[in-house]
Amino acid sequence: MIRSRIVGTGSYLPPRVLTNEELSKKLDTSDAWIQERTGIKQRHIADASQTSSDLALEASRRALQAAGVKAEDIDLIVVATSTPDFVFPGTACLLQAKLGVKGCAAFDLQAVCSGFVYALATADNFIRAGTHKRALVVGAEVFSRILDWNDRGTCVLFGDGAGAVVLAAGDQPGIHASVLHADGSQAGILSVPGNVCGGKIIGSPFLQMQGNQVFKFAVKVLDEVARETAQAAGIKLAEVDWLIPHQANIRILEAVAKKLDLPRERLAVTVDRHGNTSAASVPLALDEYVRAGRIKPGHKVMLQGVGGGFTWGASLLTM
Ligand code: UT7
């Protein structure tokens with residue numbers, strides 16, 4: 001049976017760092033409030049000249065180098081983003097061109113903060129089906145562009161960045177199981193409810209969120225989907241070496257680890273330095289922990305996404 005395995009990871013954070021102190025000079029907020037309620041100390045902000053495909057390119061180059069795979073050997077590119085460069089063409093096609101290759105399948109996937117987990121499960125299925133052998137799976141976001149910087153309830157939470165993995169066919173997992181879910185009836189609690197029509201923005205181009213409802217929903221579904229995924233994989237939760245939930249809020253991450261009875265040491269945390277980078281947060285954290293030598297070959301890792309849609313999902317894999 002064909003299975004897929006992550007053979008290289010990469011990530012990129014734009015150099016500009018925006019601290020809580022800096023935000024509190026312009027907004028009615030404080031470093032103490034932001035840290036206490038979210039765990040966030042700082043976030044990275046893309047330069048005005050950088051788009052999601054630029055961030056994706058840097059992360060992809062690093063993942064390809066780590067994998068020892070050339071861009072021309074990739075036969076599928078999936079980019080998870082809610083902040084694409086354009087309405088169309090897709091950011092994945094722009095990334096393909098920036099990588100200097102052509103021909104392979106390339107498409108975007110829109111599942112907001114669950115985007116990377118959805119994209120990984122999608123690429124895994126392409127590889128298991130036997131039609132594709134080496135996929136580049138990317139989460140790339142410039143959420144700073146869709147924030148109302150006068151809304152202290154949302155703008156302090158997010159940051160920009162990209163993460164990527166190379167997924168290759170093999171005879172051993174790799175990815176043991178992925179579980180994806182959505183509930184469109186909850187679309188209103190986290191959205192950017194606008195579109196472009198007749199040369200104008202209709203609705204709002206800014207992120208809106210019912211923070212409390214999102215918080216409760218996230219803790220509940222991340223707990224449920226971890227159990228469901230472990231069962232589908234035939235692996236006990238206690239065997240999971242690393243839990244990498246979507247990096248939204250340290251209180252959500254710690255609540256999920258506690259519900260799952262996983263010790264704090266097995267929880268990957270980057271939200272303190274990256275903020276919430278939506279579809280980029282999981283591959284950014286994965287790459288950081290791999291490069292730091294904390295996630296090692298053979299470790300069992302649970303990746304989890306949750307966000308707008310509402311969408312949520314998890315993948316359980318052996319590195
Ligand atoms: O990718 C998934 C997307 N999002 C999430 O996962 C976010 C999930 N939700 C959360 O992380 C939290 O709900 C927040 C961090 C957004 C808010 O934390 P909270 O503990 O739920 O606070 P709250 O919304 O209940 O607000 C408490 C107070 C309010 O003041 P009043 O009404 O009690 O006077 C807010 O106006 O805190 C106020 N507040 C702030 N104060 C200082 C809200 N934002 C700020 C701020 N600085 N930045």
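Keep in mind that what you see is a predicted model, and the values were worked out from it rather than measured. We count residues from 1, following the sequence as given. As the structure lists them, so they are numbered: ligands from 1, and atoms in each ligand from 1. When reading the values below, keep in mind they use all heavy atoms of this one structure, side chains included, and skip hydrogens, waters and symmetry mates.
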Between [X] and ligand 1, does any nitrogen or oxygen pair lie at a separation below 3.5 Å?
{"X": "Asn212", "value": "yes"}
{"X": "Gly211", "value": "yes"}
{"X": "Arg152", "value": "yes"}

State whether any protein heavy atom lies less than 4.0 Å from [atom].
{"atom": "atom 25 (O) of ligand 1", "value": "yes"}
{"atom": "atom 32 (O) of ligand 1", "value": "no"}
{"atom": "atom 8 (C) of ligand 1", "value": "yes"}

Point to revise | Any Thr38 side-chain heavy atom under 4.5 Å of Val271 side chain | key: no
Exercise for review: Flag the pair Leu222 / Ile252 as yes when at least one side-chain heavy-atom distance between them is below 4.5 Å, and no otherwise.
Suggested key: yes
Is the contact between [X] and ligand 1 made by the side chain, the backbone, both, or neither, using heavy atoms and a 4.0 Å cut-off?
{"X": "Val112", "answer": "neither"}
{"X": "Asn276", "answer": "side chain"}
{"X": "Asn249", "answer": "side chain"}
{"X": "Leu190", "answer": "side chain"}

Could you list which atoms of ligand 1 come closer than 4.0 Å to a heavy atom of [X]?
{"X": "Arg37", "value": "19 (P), 20 (O), 22 (O), 27 (C)"}
{"X": "Gly153", "value": "44 (N)"}
{"X": "Val214", "value": "4 (N), 5 (C), 6 (O), 8 (C)"}
{"X": "Cys113", "value": "1 (O)"}
{"X": "Thr38", "value": "15 (C)"}
{"X": "Val156", "value": "48 (N)"}
{"X": "Arg251", "value": "18 (O), 19 (P), 20 (O)"}

Check your understanding: So with a 6.0 Å cut-off around CZ of Phe86, is the heavy-atom count from everything else above 12?
Key -> no
Hey, are [X] and [Y] close enough for a salt bridge, meaning a charged N less than 4.0 Å from a carboxylate O?
{"X": "Arg294", "Y": "Glu288", "value": "no"}
{"X": "Arg16", "Y": "Glu22", "value": "yes"}
{"X": "Glu224", "Y": "Lys220", "value": "yes"}
{"X": "Lys296", "Y": "Asp241", "value": "no"}

Check your understanding: Cluster question for you: counting only ILVMFWY and a side-chain heavy-atom cut-off of under 4.5 Å, with indirect links fine, are Leu120 and Val166 together?
Key -> no
Practice item. For the pair Phe217 and Trp312, name the ring-plane relationship: parallel under 30°, tilted 30 to 60°, perpendicular over 60°. Key: perpendicular
Check your understanding: Under 30°, 30 to 60°, or over 60°: which ring-plane class applies to His44 and His274, parallel, tilted or perpendicular?
Key -> perpendicular
Give the residue and atom name of whichever protein heavy atom lies nearest to [atom], and the separation in Å to one decimal.
{"atom": "atom 4 (N) of ligand 1", "answer": "Met209 SD, 3.3 Å"}
{"atom": "atom 17 (C) of ligand 1", "answer": "Trp33 CH2, 4.0 Å"}
{"atom": "atom 6 (O) of ligand 1", "answer": "Ala248 CB, 3.3 Å"}
{"atom": "atom 47 (N) of ligand 1", "answer": "Thr29 OG1, 2.6 Å"}

Practice item. Output, in order, the C-alpha distance, side-chain angles, deciding distance and verdict of side chain to side chain contact (heavy atoms under 4.5 Å, CB included) for Asn20 and Val156. Key: CA-CA 8 Å; Asn20 293 348; Val156 304; 5.9 Å; no
Exercise for review: Could you tell me whether a side-chain N or O of Glu141 sits under 3.5 Å from a main-chain N or O of Ala280, the two making a donor and an acceptor?
Suggested key: no
Exercise for review: Rounded to the nearest 0.5 Å, what's the gap from CG on Asp28 to CG on Asn150? Could you check?
Suggested key: 12.0 Å
